[in-house]
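Beneath this line is the structure, given in structure tokens, with notes to follow.
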Amino acid sequence: MAAAAPRLSVAMERTGQWVFSQEIPSDIVIKVDDASFPLHKFILLAKSGYIRRKIMESDRSDLAIIEIKGIPGGAEAFEKAARFCYGVNFEISVQNVTALRCAAEWLEMTEKSCEGNLAARADEFLSKAALGTLPGAVAVLNSCEGILAFAEKLRIVQRCVEAIGYKAIHEANSPSRPPPDWWAAELALLKPPFFQKSLAAMKSFGAAPKTLSTAVVAYAGKSLPELLLSAGGGSRPSPSAPADLTTHRKFNEFLISILPADRDAPLPVGFLCSLLRAAIFLDSSAASRNDLERRISASLDQAAIGDLMTLSFDYSGQRLTDLGSVRRIVVGFAELEIVGAAAQRVARIVDAFLAEIATEEDLPVSMFAGIAGALPKSARRFDDDLYRAVDIYLKAHSRLDEIEREKACSVMDPFRLSYDARLHASQNKRLPLQVVLPALYYDQLKLRSGGNTPDEASLSSVSSGRGRPADDALAKENESLRLELARMKLYMTDMQRSQGGRGKAPMAALPPPPTAGKKPTFFSSVSKTLVKLNPFRHGSKDTASIEESVSVVAVKPKKRRFSLS
């Protein structure tokens with residue numbers, strides 16, 4: 001009580017300054033919370049049905065103290081109501097009108113007591129001033145937070161929500177002042193439950209999908225500014241205390257739960273990726289993350305490489321954090337069975353993304369192959385861009401063993417490489433030799449049968465943007481290599497036939513071996529290598545046995561641009 005004494009005396013002193021006459025002593029004290037107001041019965045009886053009833057119901061004719069508990073707005077709202085009873089001027093504003101209107105209802109200061117009472121005055125301010133502008137309606141709605149039950153009963157919340165929904169749509173269609181999206185910034189000031197109600201009102205009034213999306217993006221940016229930074233935009237976000245993380249996690253999950261349906265408002269993919277990264281950082285619920293991954297999958301053809309980079313790296317842009325989400329997103333897109341231009345665009349995005357992250361030293365081959373192989377072969381017209389990503393990965397991971405290199409290369413189809421890409425692959429010592437053997441053997445058969453190879457120049461220009469190499473020597477060497485590979489293939493075919501011919505071993509005519517005494521060439525050494533790689537001697541390696549891993553990897557940042565060489 002010692003702490004409350006100063007407030008009691010201050011309230012009494014302040015009240016004494018505006019009571020209309022000090023010549024008439026107060027005959028009643030109204031106690032509200034810790035404050036006391038010395039007032040006059042006959043003044044209060046004329047305006048407040050509640051106080052009149054309390055005095056009439058009392059057994060004491062000299063009732064001097066009335067204690068009020070639970071009045072909306074507390075002592076501050078009661079003081080303004082008392083001022084109104086005494087005819088003392090005070091300001092009604094968008095910040096206090098809700099509390100004043102609720103207090104007037106609680107004190108029964110309505111038209112039943114007298115005409116033009118406080119309740120009617122507050123309603124008039126709401127209708128003609130507060131709810132006449134979008135900022136005013138937002139401020140009034142936020143002021144309902146502490147007295148929500150009273151405000152809802154008096155339909156103040158409903159009136160505010162309807163005003164906000166209508167005016168926001170009007171401003172979105174015909175902005176009254178710059179910038180054009182100023183209305184979205186106003187909505188971003190709303191408390192979470194009120195924003196949700198306002199969004200529903202906008203939808204019921206026929207808001208365009210773009211309008212709903214703009215409102216959500218602005219609201220998220222205002223509420224989680226640090227967590228929605230782009231990759232490389234700064235260091236670790238500041239909310240690191242458990243309480244802060246819990247608060248942000250709850251808000252992140254709330255925000256995800258109120259996102260408009262895809263058909264109502266397709267959200268920007270970059271925004272969804274940033275929101276998903278925040279959800280991963282905050283350890284939001286699996287349901288929240290799954291919802292975002294599904295949304296990103298559905299709009300993946302609208303994404304940019306930077307969107308996937310934002311999702312994959314931490315806030316410093318130096319550590320890979322969650323490639324598992326990227327893989328699930330790509331798989332989700334593939335499950336939609338989208339074909340045509342959209343699928344080809346996604347394939348280009350994924351291949352370029354893989355080329356960017358391929359230099360990360362600790363990137364597991366299983367994850368690299370899992371993302372690259374998630375798309376069906378039909379999504380790519382050519383595998384040149386994928387080959388580039390594979391080559392960069394093999395260059396950056398030179399210590400991979402044979403089975404791991406085969407795993408990385410298994411995602412591309414040599415038959416879907418352009419001529420220039422096959423030409424490059426045939427000279428690429430980083431590739432397992434048997435990776436390009438089928439395609440080169442196919443070319444050799446076509447040449448032997450007199451068929452023409454595809455229009456290599458046009459295929460190359462479509463897929464990789466590079467012209468056909470002008471180095472005739474390189475082309476000649478590649479032709480020799482293909483002959484060597486074809487000769488080895490025919491030899492293995494004859495071996496198979498001889499095993500099925502009951503001891504007979506007819507040999508097919510083979511291209512003539514290198515001339516005796518001729519200096520060994522690179523291609524003759526390749527033939528020896530092919531003999532060692534004969535699958536009928538030792539069996540082929542099974543790359544499917546590599547254990548999948550989705551663990552988080554910590555990587556030192558490196559330059560991510562490598563040229564094919």
Side-chain angles (χ1 to χ4, degrees), residues 94 97-98 101-102 126-127 130-176 180-224 228 247-268 271-272 275-276 278-279 284-285 287-288 290-292 294-296 298-299:
V94 292
V97 65
T98 299
R101 176 63 183 89
C102 293
L126 281 170
S127 301
L131 302 184
T133 65
L134 181 59
V138 168
V140 172
L141 186 55
N142 276 336
S143 70
C144 297
E145 185 178 27
I147 49 177
L148 187 58
F150 294 99
E152 287 182 337
K153 183 178 180 180
L154 297 174
R155 296 191 73 254
I156 297 176
V157 172
Q158 185 64 26
R159 293 169 65 185
C160 289
V161 166
E162 291 176 354
I164 290 172
Y166 176 79
K167 294 183 181 302
I169 293 177
H170 178 75
E171 287 295 333
N173 295 334
S174 303
S176 61
D181 293 342
W182 72 269
W183 59 271
E186 289 294 331
L187 265 60
L189 301 175
L190 287 169
K191 301 293 190 298
F194 299 144
F195 178 77
Q196 184 176 9
K197 290 178 181 292
S198 300
L199 203 65
M202 292 171 63
K203 183 178 177 181
S204 67
F205 288 149
K210 183 179 179 181
T211 300
L212 297 174
S213 298
T214 301
V216 171
V217 173
Y219 191 71
K222 179 72 173 180
S223 305
L224 295 173
L228 295 182
T247 300
H248 282 75
R249 181 187 306 114
K250 290 181 178 179
F251 183 82
N252 178 264
E253 293 175 352
F254 160 78
L255 191 60
I256 296 171
S257 70
I258 66 170
L259 293 179
D262 296 340
R263 63 180 181 275
D264 295 331
L267 294 162
F271 165 73
L272 292 174
L275 199 58
L276 178 55
S284 297
S285 68
S288 297
N290 291 340
D291 182 37
L292 290 175
R294 178 190 59 78
R295 291 172 180 270
I296 296 172
S299 302

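Computed from a predicted model, the values in this text were never measured in an experiment. Any value given below was found using the heavy atoms of this structure, including those in side chains, with hydrogens, waters and symmetry copies removed.
- With sequence neighbours excluded, the residues that form a side-chain hydrogen bond (donor to acceptor under 3.5 Å, both in side chains) with S127 are R159.
- In terms of the salt bridge (charged side-chain N to carboxylate O under 4.0 Å, His left out) criterion, D181 has no residue partners (sequence neighbours excluded).
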Could you list the donor-acceptor pairs under 3.5 angstrom formed by side chains in residues 136-144, with sequence neighbours left out?
unit_1, atom_1, unit_2, atom_2, d
N142, OD1, K191, N, 3.0
N142, ND2, L189, O, 3.0
S143, OG, T98, OG1, 3.0
S143, OG, V140, O, 2.5

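- Listed by chain and number, the residues in a side-chain contact (heavy atoms from CB on, under 4.5 Å) with P135 are T133, W182, E186 (sequence neighbours excluded).
- With sequence neighbours left out, T211 forms a side-chain hydrogen bond (donor to acceptor under 3.5 Å, both in side chains) with no residue at all.
- The side chain to side chain donor-acceptor pair (under 3.5 Å) analysis of residues 145-155, with sequence neighbours excluded, yields no pairs.
- Using a 4.5 Å cut-off on side-chain heavy atoms (C-beta onward), L134 and L187 make contact.
- Using a 4.5 Å heavy-atom cutoff, the side chains of P260 and S213 are not in contact.
- Applying the ring-ring contact (aromatic ring centres under 6.0 Å, His included) test to F195 and every residue at least two apart in sequence or in another chain returns Y219.
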Kindly list each side-chain donor-acceptor pair under 3.5 angstrom involving residues 160-167, sequence neighbours excluded, with atom names and distances?
unit_1, atom_1, unit_2, atom_2, d
E162, OE2, Q158, NE2, 2.9
K167, NZ, G132, O, 3.2

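- Here S176 pairs with E171 under the side-chain hydrogen bond (donor to acceptor under 3.5 Å, both in side chains) rule; sequence neighbours left out.
- Applying the side-chain contact (heavy atoms from CB on, under 4.5 Å) test to S285 and every residue at least two apart in sequence or in another chain returns E253, A287, S288.
- Using a 4.5 Å heavy-atom cutoff, the side chains of S299 and L272 are not in contact.
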